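This report concerns only the one structure given below.
Side chains are part of it too, since the values below use all heavy atoms of this structure and drop only hydrogens, waters and symmetry mates. Here the structure is a predicted model, which is why all the values come from computation and not from measurement.
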Amino acid sequence: MYPPSRKDFISVTLSDSHSHTYNNGKHRRQSCWRKWKQLSRLQRSFILFLLAVVLLFGLLSYPSITERWRGKQWLNLMILCGPLLVVSTGSVDRLEVVRDAFRHAWKGYKAYAWGHDELKPISKSFGEWFGLGLTLIDSLDTMWIMGLKEEFVEARNWVEKELSFNKNVDVNLFETTIRILGGLLSAYHLTGDQLFLEKAKDLGSRLLPAFKTPSKIPFSDVNIGKGTAHPPRWTSDSTLAEVTSIQLEFRELSHLTQEPQYQEVVDEVMKLVHKLPGKQDGLVPMFINTNSGQFTHKGVFTLGARADSYYEYLLKQWIQGGKTEDSLLEDYLQAIEGVKKHLVRKTGPSRLTFIGELSHNRFNPKMDHLVCFLPGTLALGAHSGLPGDHMDLAVQLMETCHQMYKQMETGLSPEISHFSLQASDGLDVVVKPADRHNLLRPETVESLFYMYRFTKDTKYRDWGWEILQSFNKYTKVPGGGYTSINNVRDPVNPGPRDKMESFFLGETLKYLYLLFSDDMEMLSLEKYVFNTEAHPLPIWPSPPK
């Protein structure tokens with residue numbers, strides 16, 4: 001477990017003492033505090049450095065000073081100055097704000113949606129998708145990482161006593177794999193608790209019928225109680241992202257259980273996609289037919305919905321397996337070259353680099369927020385020894401994803417942005433009325449986490465902090481929970497949608513916490529690879545040469 005750091009403990013302890021000992025001086029200190037916060041970080045750091053030097057020399061010169069200040073005067077000084085010394089780094093107070101955000105989200109979930117899939121924070125009710133406690137399981141590793149022991153134990157007890165997969169219910173193979181199977185596997189690795197592995201194995205075996213198709217490309221839906229599977233009602237196609245973004249989890253399940261069938265079925269999917277015709281310089285169509293095993297809707301290429309995590313999992317499977325599976329690396333490198341060749345453009349006004357879409361050789365300057373996973377993935381690849389220009393592109397795209405937030409009146413990104421190609425247009429980011437919603441998505445803060453880990457550039461932390469403040473200002477619901485909103489361009493009436501997605505706790509807040517943490521060994525990227533739902537899984541040791 002990652003317990004609260006010593007600085008966290010000092011901050012909490014001093015804050016508690018402060019509230020009990022100095023109630024009558026509260027307003028004076030608040031005024032002092034506001035003036036302190038108005039100083040820049042550099043100014044605060046310089047002042048504190050000088051104070052520390054003066055204090056150190058004073059103590060060295062006058063040993064008896066500790067005797068004279070042993071009593072109340074010394075305690076008063078520590079209580080008054082302690083929080084300033086802790087908060088001045090910008091790290092600890094940001095971590096606490098993220099923890100507070102999680103506690104607030106969890107408060108709503110526990111009060112109004114306990115054991116159900118999703119919280120509806122406005123109506124103080126719940127929504128059910130699969131009936132498997134989606135938010136609870138998606139949040140297990142987040143609570144463990146944040147050191148929220150009480151909340152974790154409550155959730156663990158629910159998993160032990162209430163979670164059953166023996167239900168006559170259709171579930172989406174992809175969503176259930178990344179959120180529930182991934183969440184259970186991650187919780188097992190972080191805690192060593194066999195309960196989570198047993199539940200993961202039970203679920204994994206119930207998902208296998210999805211792969212019983214003529215082509216071995218899995219159906220999108222599976223009944224985990226009956227052991228039957230089927231495509232959506234309207235098509236026999238599965239989306240490319242869904243069938244190629246379940247591999248990390250199934251492979252890890254085989255790795256843990258020494259039962260090969262889980263890895264075999266998902267590896268077969270990758271082998272089929274690897275050799276399929278219909279790609280364009282490594283870019284893949286969005287749909288694949290479960291009967292024929294062939295791409296459909298050919299000629300349409302995007303890194304957004306229905307295709308995004310295919311590219312992410314090419315790289316991450318290669319990393320997970322100890323960088324030994326050459327076909328995965330080959331497909332990833334080819335795809336990134338295809339992205340640079342066909343999809344990368346710059347805006348006219350400010351020359352922002354963005355990723356568009358291609359439809360039958362016609363370019364569309366449209367970019368889903370989902371695509372903001374790409375800077376982090378590119379950075380992870382560059383860190384793993386892939387070409388340096390991948391990192392150059394990551395830096396440029398990260399700036400664009402930041403601008404998708406910064407240029408909105410609420411400071412929150414829309415679900416979809418369009419970009420101006422002409423300098424005369426004035427604005428870089430154009431948002432159509434149907435695309436103005438924000439679902440509390442994680443992709444930008446995910447990439448900020450990777451970019452900070454690899455560059456140590458504090459601007460990425462500052463950008464994440466701005467996003468968190470906007471979430472707290474426009475999406476926080478007073479009674480508990482956070483809500484997606486309808487209009488990021490209207491700060492007066494953003495239009496709450498009454499839904500808190502499980503990934504807000506499982507991904508968004510987790511990546512913000514990791515972004516602000518100074519502990520680079522916490523879920524080291526040399527040891528863990530994150531699935532597309534932010535659940536960390538171990539990197540396997542490389543086989544001996």
Side-chain angles (χ1 to χ4, degrees), residues 237 239-245 270 273-288 294-316 318 327-382 386-401 403-404 415-423 425 428-430 432 435 443 447:
D237 290 347
T239 71
L240 204 283
E242 290 185 346
V243 302
T244 57
S245 305
M270 299 309 298
V273 173
H274 173 69
K275 63 186 181 184
L276 273 184
K279 298 179 188 176
Q280 186 164 336
D281 295 316
L283 302 177
V284 293
M286 292 187 293
F287 296 96
I288 189 167
Q294 299 294 313
F295 291 131
T296 60
H297 300 77
K298 293 180 182 179
V300 179
F301 303 101
T302 177
L303 263 69
R306 301 190 177 97
D308 51 348
S309 46
Y310 160 74
Y311 302 98
E312 176 189 355
Y313 268 38
L314 287 175
L315 176 68
K316 289 184 174 179
W318 177 69
S327 62
L328 295 168
L329 178 60
E330 176 187 328
D331 285 351
Y332 177 73
L333 290 172
Q334 188 179 13
I336 299 305
E337 290 306 305
V339 169
K340 291 192 289 186
K341 181 177 179 180
H342 298 290
L343 304 182
V344 173
R345 294 287 192 283
K346 289 185 182 291
T347 62
S350 302
R351 308 300 290 164
L352 294 177
T353 301
F354 70 96
I355 305 289
E357 298 183 350
L358 201 64
S359 179
H360 305 290
N361 294 317
R362 183 175 181 178
F363 183 78
N364 183 3
K366 165 185 174 288
M367 178 170 157
D368 294 357
H369 182 273
L370 287 167
V371 181
C372 286
F373 84 92
L374 188 58
T377 298
L378 288 167
L380 180 62
L386 302 189
D389 63 353
H390 287 203
M391 191 63 178
D392 297 336
L393 180 56
V395 169
Q396 295 168 32
L397 291 172
M398 192 75 262
E399 171 65 36
T400 302
C401 291
Q403 290 298 326
M404 288 163 62
E415 178 73 356
I416 299 171
S417 296
H418 288 76
F419 292 89
S420 302
L421 297 175
Q422 304 301 320
D425 289 344
D428 293 286
V429 184
V430 178
K432 297 184 177 180
D435 304 331
E443 287 77 21
S447 285

Please answer whether the main-chain N or O of [Y] pairs with a side-chain N or O of [X] as donor and acceptor at a distance below 3.5 Å.
| X | Y | answer |
| --- | --- | --- |
| D428 | S350 | yes |
| D308 | V371 | no |
| K279 | V273 | yes |
| T353 | L397 | no |

If you look at every heavy atom in [X] and [Y], which pair is closest and at what distance?
| X | Y | answer |
| --- | --- | --- |
| T244 | Y313 | O-CB, 3.5 Å |
| D237 | F287 | OD2-CB, 4.0 Å |
| P375 | A394 | O-CB, 3.4 Å |
| S309 | S245 | OG-OG, 2.6 Å |

Flag the pair [X] / [Y] as yes when at least one side-chain heavy-atom distance between them is below 4.5 Å, and no otherwise.
| X | Y | value |
| --- | --- | --- |
| V300 | E357 | no |
| L386 | W318 | yes |
| L370 | E443 | yes |
| I288 | V243 | yes |
| I355 | R345 | no |
| N361 | Q280 | yes |
| Y311 | L303 | yes |
| L283 | H342 | yes |

Angle between ring planes, H390 versus Y332, binned at 30° and 60°: parallel, tilted or perpendicular? perpendicular

Would you please test L421 and F354 for side chain to side chain contact (heavy atoms under 4.5 Å, CB included) and show each step? CA-CA 11 Å; L421 297 175; F354 70 96; 3.7 Å; yes

Can you list the residues that meet the salt bridge (Lys or Arg N to Asp or Glu O under 4.0 Å) rule with D389, with sequence neighbours excluded? K340

Which residues share a side chain to side chain contact (heavy atoms under 4.5 Å, CB included) with Q294, sequence neighbours left out: L276, P277, S292

Can you sort out the partners of E415 under side chain to side chain contact (heavy atoms under 4.5 Å, CB included), two or more places apart, ordered by chain and number? H437, L439, R441

Would you call K316 and E312 a salt bridge, using N to O less than 4.0 angstrom? yes

Under 3.5 Å, is there a donor-acceptor pair linking the side chains of Q334 and E330? no

Measure the [atom1]-[atom2] distance between [X] and [Y] for me, rounded to the nearest 0.5 Å.
| X | Y | atom1 | atom2 | result |
| --- | --- | --- | --- | --- |
| K432 | S417 | NZ | OG | 11.5 Å |
| C401 | Q396 | SG | CD | 12.0 Å |
| D331 | L315 | CG | CG | 12.0 Å |
| M367 | T302 | CE | OG1 | 10.0 Å |
| D281 | I336 | CG | CD1 | 12.5 Å |
| C372 | M404 | SG | CE | 4.0 Å |

Trace of the side chain to side chain contact (heavy atoms under 4.5 Å, CB included) decision for V430 with F419: CA-CA 6 Å; V430 178; F419 292 89; over 6 Å; no

Does T296 form a side chain to side chain contact (heavy atoms under 4.5 Å, CB included) with M286? I'd like the steps, not just the answer. CA-CA 8 Å; T296 60; M286 292 187 293; over 6 Å; no

Does L352 form a side chain to side chain contact (heavy atoms under 4.5 Å, CB included) with K346? I'd like the steps, not just the answer. CA-CA 5 Å; L352 294 177; K346 289 185 182 291; over 6 Å; no

